[in-house]
Each structure stands twice: as C-alpha cells, then as structure tokens.
Amino acid sequence: MSQIKKLTSARWAASSLLAGLWFAGQVQAQVLPTIDCKPNSVAQLNTGQTSAGDPATDLNWKFQYLRTYSGSDPANWGAFGDAKLVTAPTASWSSTPANSSTAKWIGMDAFGSQPYTDGSNFGNIDGLFQVQFNLASTVSLGSFQPSMTYSADNSVVDIFINGKSQLARGAGTWGLPQAGGTNQFNYNGFGTGRWLTIASMASPDWQPGANTLTVYVKSSPNFMGFAAAISGTNACAPNVAPTAVPAISGATQVGSTMTGTYTYADTESDVEDPAGTTYKFVTSPNASIASSGDGTTVASGSTGGAAASTSYTLQAADADMYLYYCVTPAAKTGTSPGTETCSAASGKIIAPPKPPAQPANVPTLGEWALMGMAALLALLGIAAIRRQSV
C-alpha cells in the first residue's frame, strides 16, 4: 500500500523467501463445511477461524497470488495454498467488523506481507482468497443469499462464484470493484469506515453440493490481506412427499381382468419404496371419487414399485359400478408417504351377456304309450271294417 513506507531490503528478502516456501508447501487436509438450515450456518465461512492442526492456518480459506498479472480469467489461476491468520497486522488495518471474534484478517503470513513478484509490476499484484463449502440439498438455491461484510488491502475488485465473475454478471450493486473508479492497487480498502457490506449475495451460480467462493484482491506494496464476516439465514425448502399418477386399463365387463399402473415422482429424487407404496381397486356408483374412502375397496396390497403392475378380475357384484385404481406412494428417504391419488373412472362395468334362448323340447311317447296307441288304432280299424260290412 502506498501509505506505508517500503519494507527494508531484509524484510523484502524474507517476504520473498516466505512466499516461495508458502507456495511450495503442502496444503492441509480439509473437510469442507456444510451450509444447512441451522441459524447463521454461513458464519462457518468467516475468515480467521483457526485449524486445530495448525493454529496459524485458517480453517477454510485458501490463498494464492499471481506471480505476474494474469487477469481475472480463472483459466490463468494457479494452485491455492493455506491462508494464514494475520496475528501481527500493520497498524493501518482497521479492526474486523464489530470486533468479531470469528472474522479476522488473513493473508500469506502472520504479518500480512505482500510477496515481491516481478519488477514489471513494481509490487502491484493480484491475490485470490478462496473458500469451498457444501450446500445442503435442503437449502433452496433461489433463497441462498448470504450477506458479506469485508475489507481488503488494497481493494476487492471482483467475486467469483463457482468460477463465474459476479462483476461480469452486473453485480455492480454489490459495490464492485471496491475501489470504484480510482486506482485499484492504491485504494484504501482497509482503513476505518472502508468496510463494505453486500447485503444479498444472490446469484444464479450457486449450485447444490460443492461450491467455491473466490475473492479477487489487488494490492500495491507492502501488505496484502482480506477479512470477511458472512451471515444470513438460509431459506430451506421443505422436503416434498412423493406423488403418483395412476391409470387403469382393460375391458369393463364382468369376468375381464383390469390392470392398474402408475408413475412415481419425487421433487428431491428420493427413491421409491416398492414395498411401502400401496394400491386399492375401488368400485363406486359415482363417476368420480376423491379417495378410496368414497367407494368400496375390492382388492388392495403393495404395488411392488412403479415398474410393476397389479390386476383385478371383475366380479358379478361389480356390475353397474365404476372401477378406480388408487395409489399411495412411499419413498425410502425424505417425507413419506405421499397423498393417495385415484385414477379416472373406468366403466360402468357391464354384466356378461345372456346366453341365446334354446328351442322348446317336443314331448315324446314312452314304450307303453306307443303300445296303447297301437291297440287303440287297431280297435278303431276293426270298428271301421264292421261298419262297412253292414
């Protein structure tokens, strides 16, 4: 920074040596913090939280400086190393917001030194401060709008979310660049009253799961640092129960077999529980029903999953009724079960057709009747002959 006299050549040499050792050092193993629905969960991303394994190292934030000015294209960025807590800052740096105990200055080393990079830039360098975290699936992306109050030596000129420049997205309302239209390398972004607050970091670039937030800083000799306090209440979308859309097919005649099928859906992609999803075949004299309770259940059980189908053979008692297939979906995880849904009416169910009428049987004479008739005919014949002979 221009307001501070140049370091002695010994300090410069030490700073350059520290920079080389820092950049070549191993980055500590890190477990990414998870941002969820707990109050102010994003405070996990405050700068200056110490690592249990190394109290001098920031728990979550990483840092790199660009050895030569490379511009803001992430394709030109190099590897990140551990950011250090600045425990002996220059007196020109103001205290952290509201003297926060969990938002402290971080930089290359405990002094907030700026490494000398190359003669062409005369110590004007770019630095990148980056934090990675997981965003829980319960957090609504559209409502994830954390607030960030920050300061930098010398100025924050852009913020990247998952490698996407927010300045390029028109986030000038965020106060970017912090230097405004002045010299970004010489701007006093670290003094009293220079803290800047972004009230809402809403962005289409947040994504489920792993996220990266990178702060782009410009600095002139002799120091470089960044401090941020992050807050906000995460709006969490409730887990939605699964849904089912049932259908029924088959000839609506007593004796026919009807087949029930359905599609399964879940907003959070919770997998279906095949044994937990249940069905009911329901008959009703009404052409529409709201639930299985509005009719008579004639068959029920577990569907075995949306890939399977269930069947029911229409009975004589079902004649003149409508048939429905009602499904209650269940998921293995998340909110379950869902609400029962019934198919459209199938029917009315018709009785089987009556068989065709059979012709009436012609009565026949038995053996004794035939013998009696023969004797009668004989007597009638004899009588007729006698009349003729008289």
Side-chain angles (χ1 to χ4, degrees), residues 37 137-138 140 208 236-370:
C37 299
S137 60
T138 51
S140 171
C236 293
N239 186 278
V240 180
T243 58
V245 180
I248 192 169
S249 60
T252 54
Q253 180 176 311
V254 171
S256 297
T257 298
M258 305 295 289
T259 300
T261 58
Y262 67 97
T263 58
Y264 171 90
D266 188 270
T267 302
E268 295 79 24
S269 299
D270 291 316
V271 177
E272 182 183 13
D273 178 5
T277 300
T278 58
Y279 75 90
K280 291 180 180 179
F281 281 102
V282 177
T283 58
S284 172
N286 301 317
S288 65
I289 62 173
S291 68
S292 60
D294 294 336
T296 300
T297 298
V298 292
S300 62
S302 173
T303 65
S309 62
T310 53
S311 60
Y312 171 70
T313 301
L314 295 173
Q315 306 298 308
D318 302 330
D320 295 326
M321 296 287 184
Y322 293 97
L323 185 69
Y324 300 88
Y325 185 57
C326 302
V327 176
T328 302
K332 290 184 176 180
T333 57
T335 302
S336 184
T339 302
E340 179 188 68
T341 305
C342 296
S343 68
S346 186
K348 286 187 173 183
I349 300 165
I350 59 175
K354 295 180 180 180
Q358 297 294 325
N361 293 326
V362 177
T364 60
L365 298 175
E367 181 179 351
W368 288 103
L370 288 173

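These values consider heavy atoms only, across backbone and side chains, with no hydrogens, waters or symmetry-generated copies.
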Do you know which two heavy atoms are closest between [X] and [Y], and how far apart they sit?
{"X": "Cys37", "Y": "Thr138", "result": "SG-OG1, 3.5 Å"}
{"X": "Ala251", "Y": "Met258", "result": "O-SD, 3.4 Å"}
{"X": "Ala241", "Y": "Gly338", "result": "CB-CA, 3.9 Å"}
{"X": "Thr257", "Y": "Ser311", "result": "CG2-CB, 3.7 Å"}
{"X": "Ser346", "Y": "Thr252", "result": "OG-CG2, 3.2 Å"}
{"X": "Thr277", "Y": "Ala330", "result": "OG1-N, 3.1 Å"}

Once you round to the nearest 0.5 Å, how far does [atom1] of [X] lie from [atom2] of [Y]?
{"X": "Glu340", "Y": "Cys326", "atom1": "CD", "atom2": "SG", "value": "4.5 Å"}
{"X": "Asp318", "Y": "Ser256", "atom1": "CG", "atom2": "OG", "value": "11.0 Å"}
{"X": "Ser336", "Y": "Asp273", "atom1": "OG", "atom2": "CG", "value": "7.0 Å"}
{"X": "Met321", "Y": "Asn286", "atom1": "CE", "atom2": "CG", "value": "9.0 Å"}
{"X": "Ile350", "Y": "Leu314", "atom1": "CD1", "atom2": "CG", "value": "10.0 Å"}
{"X": "Tyr279", "Y": "Ser309", "atom1": "OH", "atom2": "OG", "value": "10.5 Å"}

Exercise. Among Thr259, Val298, Val282, whose side chain to side chain contact (heavy atoms under 4.5 Å, CB included) with Tyr312 holds?
Worked result: Val298
Problem set entry | The single option from Thr263, Val327, Thr341 passing side chain to side chain contact (heavy atoms under 4.5 Å, CB included) against Val245 | Thr263
[X] (side chain) donor-acceptor with [Y] (main chain) under 3.5 angstrom:
{"X": "Asp294", "Y": "Ala290", "result": "yes"}
{"X": "Thr297", "Y": "Ala299", "result": "no"}
{"X": "Ser302", "Y": "Pro274", "result": "yes"}

For this session: For the residue pair Leu323 and Ile349, establish whether any side-chain heavy-atom pair is separated by less than 4.5 Å.
Result: yes
For this session: Please find out if less than 6.0 Å separates the ring center of Tyr325 from that of Phe281.
Result: yes
Exercise. When the ring centroid of Tyr264 is compared with that of Tyr262, is the distance short of 6.0 Å?
Worked result: no
Problem set entry | From CA spacing to verdict: side-chain contact (heavy atoms from CB on, under 4.5 Å), Thr328, Lys280 | CA-CA 9 Å; Thr328 302; Lys280 291 180 180 179; over 6 Å; no
